[in-house]
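Taking it in order: structure first as structure tokens, then the write-up.
Worth knowing before you read on, the calculation uses all heavy atoms, side chains too, and leaves out hydrogens, waters and symmetry mates.
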Amino acid sequence: MSYVSETLETVLQKNPGEPEFHQAVTEVLQSLEPVLEKHPEYEQAGILERITEPDRAIRFRVTWVDDAGRVQVNRGYRVQFNNAIGPYKGGLRFRPSVNFGILKFLGFEQVFKNSLTGLPIGGGKGGSDFDPKGKSDREVMAFCQSFMTELYRHIGPDTDVPAGDIGVGGREIGYLFGQYKRLRNEFSGVLTGKGLPYGGSLARTQATGYGLLYFTDALLKANEKSIAGKTVDISGAGNVAIYAAEKAIALGAKPVTMSDSTGWVHDADGIDLKAVKEIKEIRRGRMSEYIKYRPNAEYHEGRGVWTIPCDIALPCATQNELHLEDAEALVKNGCTVVCEGANMPSTLEATQYLQKNGILFGPAKAANAGGVATSALEMSQNSMRYSWTFEEVDQKLKGIMENIFANIDEAAKEYGKPRNYVSGANIAGFIKVANAMLAQGAV
Ligand code: NDP
Ligand code: 2IT
């Protein structure tokens, strides 16, 4: 049995009941066969066993009081996966479905994603099963303060720098930062995604979505295609989806779908982003309200975005939201490009089907790295006690995304898998971290 197969078997055995973690590790390790064959020193140093085991995983109780005066209890987590190339870095997710398996998959993916950015950041992820939906601002604040009252002892600007993810946006980061500052009596860049008046970076809000489009543009250009004039299916209606749609429109494409966890809209005339921002960013409402703004659009309960014919599909909601039958529908309807804005939105079967059918497939850890890359730029600005203009940050982001595409394209070719950007991303992301681990000895 090969080193890869042996390690994979052990990982699956040692981490029962964590299907998302199994899925992420399976995909990455399978891509690494040719690298491990060429570099036996990685096996000697136990790199695969180490890189699949988090450095540290913390779980704690979060107690807070709701508006009715009742004491509530949630679980808080932080998975510090790997800090070979920089402090742990990665978002916090607040969603009832959060558990160790999901955070381990996200933390594991983050290690390779952060490596691909070319910036000095390790990988981590955290969060809680707390649901911000339907909570008052005061309840969200009470929760965030209690969450940080435990988390603060494990993080720091040179140790671990959390940020947002599903359910964690500017409001939550503000409350978390305020409590950290109070507990440590320290004003530092311990979180990213901060508000502009207190150390946030211009363009961080837009970065994941914009970055996804810069990446997609680079991928299309390398394959003699362009974005202008294309029809785009987008899923989700959160931070990533909204700014993906905004940049797609700016580049001359037409997004025709968006969704939330209740339902989805199809607007054949092109999504009205002003309406979506008002519903989601200002009122924290539901996509069902979209048809009040656009009576000609359709709203459907459930899932169904991928049934709408498109040229480019951008899944931007959550893991495993694009199934095999969705992949089949996309191919049948003439879609030629899928780039992942969410983390691991395509199942393994869907990914394989899309690749086998000639779809240009941009995997999450490369395509959505613009968010964390801009978080790293926020850390740089905080360290310098300085801020760059929107244009400066946006230009750097664009350069980073173009570089990521060039590097994964190159790695895919070097290891005999041209245009297999899944392999390219896994290989290029892995090599930098593995070499840093080799250099630092058996730690
Ligand atoms: P938001 O909370 O801003 O938005 C999430 C969107 O996805 C909402 O529309 C939400 O619907 C929908 N959604 C969430 N879970 C589900 C589900 N189980 N089924 C259907 N729809 C769902 O999060 P983000 O936009 O920040 O994150 C979206 C994805 O992008 C995640 O996979 C995240 O890990 C990834 N990502 C985020 C980055 C960032 O910088 N924010 C960076 C890189 C990746 P509803 O309103 O009903 O909850
Ligand atoms: O999945 C991700 O890359 C994020 N949620 C962003 C992490 C960050 O530290 O900005």
Side-chain angles (χ1 to χ4, degrees), residues 113 116-117 164-165 169-170 193 200-223 225-259 265 267 269-281 305 308 310-317 335-343 345 360-375 377-378 388-406 421:
K113 180 196 305 195
L116 287 172
T117 65
D165 192 79
S201 174
L202 285 158
R204 175 62 187 90
T205 303
Q206 293 81 359
T208 311
Y210 280 21
L212 173 64
L213 269 292
Y214 295 145
F215 176 92
T216 306
D217 193 36
L219 177 147
L220 283 169
K221 281 187 182 138
N223 290 279
K225 294 172 190 264
S226 87
I227 290 186
K230 300 290 192 298
T231 299
V232 185
D233 281 359
I234 295 178
S235 64
N239 174 262
V240 180
I242 286 175
Y243 293 95
E246 184 165 286
K247 186 55 78 176
I249 293 166
L251 295 175
K254 184 167 79 165
V256 292
T257 63
M258 286 185 90
S259 64
V265 299
D267 190 340
D269 298 331
I271 289 289
D272 176 354
L273 208 52
K274 201 162 157 265
V276 177
K277 283 187 181 181
E278 197 177 303
I279 296 166
K280 285 289 174 185
E281 292 189 327
V305 162
I308 301 300
C310 67
D311 304 300
I312 300 172
L314 304 175
C316 296
C335 172
T336 56
V337 180
V338 175
C339 286
E340 299 184 317
N343 285 307
L360 295 167
F361 185 85
K365 61 175 73 66
N368 75 28
V372 75
T374 306
S375 278
L377 300 178
E378 183 171 329
W388 292 316
T389 64
F390 188 97
E391 290 68 30
E392 282 173 301
V393 179
D394 192 37
Q395 266 315 105
K396 290 185 204 298
L397 168 63
K398 188 160 185 277
I400 289 167
M401 299 314 294
E402 289 167 355
N403 247 327
I404 291 175
F405 176 74
Y421 304 119

If you round to the nearest 0.5 Å, how far is CG of L220 from CG of L213?
-> 9.5 Å

Taking C-beta and beyond as the side chain, do C339 and I312 meet within less than 4.5 Å on heavy atoms?
-> no

Does a side chain donor of either K113 or N343 reach within less than 3.5 Å of an acceptor in the other side chain?
-> yes

Search all heavy atoms of A369 against all heavy atoms of I404 and return the closest pair with its distance.
-> CB-CD1, 3.7 Å

Where is the tightest heavy-atom contact between C335 and A313, given as atom of each residue plus distance?
-> SG-N, 4.0 Å

dist D272:CG -> E278:CD (nearest 0.5 Å) comes out at 9.5 Å

Mind listing the closest non-hydrogen atom pair of L397 and Y210 along with its distance?
-> CD2-CB, 4.1 Å

Whether R204 side chain and G371 backbone form a donor-acceptor pair below 3.5 Å | yes

Give the minimum heavy-atom separation between T117 and A373, together with the two atoms involved.
-> CG2-CB, 3.8 Å

At what distance, to the nearest 0.5 angstrom, does CD1 of I227 lie from CG of L219?
-> 9.5 Å

4.5 Å side-chain heavy-atom contact, D394 and Y214 = yes

Closest approach of P315 and S235, non-hydrogen atoms and distance?
-> CA-OG, 3.2 Å

Can you name the ring-ring contact (aromatic ring centres under 6.0 Å, His included) partners of F405, sequence neighbours left out?
-> F215, Y421

Can you find a pair of side-chain heavy atoms, one from V393 and one from S201, that are under 4.5 Å apart?
-> yes

Considering residues at least two apart in sequence or located in another chain, which fulfil the side-chain hydrogen bond (donor to acceptor under 3.5 Å, both in side chains) criterion with K230?
-> none

Can you name the nearest heavy-atom pair linking I249 to I271, along with the distance?
-> CD1-O, 4.2 Å

Under-4.0 Å salt bridge between E246 and K277 = yes

Rounded to the nearest 0.5 Å, what's the gap from CG on L202 to CD on E378? Could you check?
-> 10.0 Å

Flag, side chain of N239 to backbone of T205, donor-acceptor distance under 3.5 Å = yes

Using a strict 4.0 Å threshold on nitrogen-to-oxygen distance, state whether E402 and K398 make a salt bridge.
-> yes

Inter-residue atom distance L273.CG - E281.CD, 0.5 Å rounding | 8.0 Å

Quick one: CD on E391 to CD on Q395, what's the gap to the nearest 0.5 Å?
-> 9.0 Å

Return yes if some donor-acceptor pair links the side-chain N/O of N368 with the main-chain N/O of A342 below 3.5 Å, else return no.
-> yes

Indicate yes or no for a side-chain donor-acceptor contact from T374 to the backbone of A207 under 3.5 Å, with no hydrogens or angles considered.
-> no

Derivation of the side chain to side chain contact (heavy atoms under 4.5 Å, CB included) call for T216 and L212 | CA-CA 6 Å; T216 306; L212 173 64; 4.2 Å; yes

Check for a donor-acceptor pair, side chain of T257 on one end and backbone N or O of I234 on the other, with a separation under 3.5 Å.
-> yes

Side chains of I308 and V256: closer than 4.5 Å at any heavy-atom pair?
-> yes

Spell out, as yes or no, whether a donor-acceptor pair under 3.5 Å connects the side chain of E392 to the backbone of T389.
-> yes

Distance-only, no hydrogens or angles: does the N223 side chain make a donor-acceptor pair with backbone N or O of K225 under 3.5 Å?
-> no

With sequence neighbours left out, the residues meeting side-chain hydrogen bond (donor to acceptor under 3.5 Å, both in side chains) with Q206 are none

Report yes if the side chains of L314 and V232 come closer than 4.5 Å at any heavy-atom pair, otherwise no.
-> yes

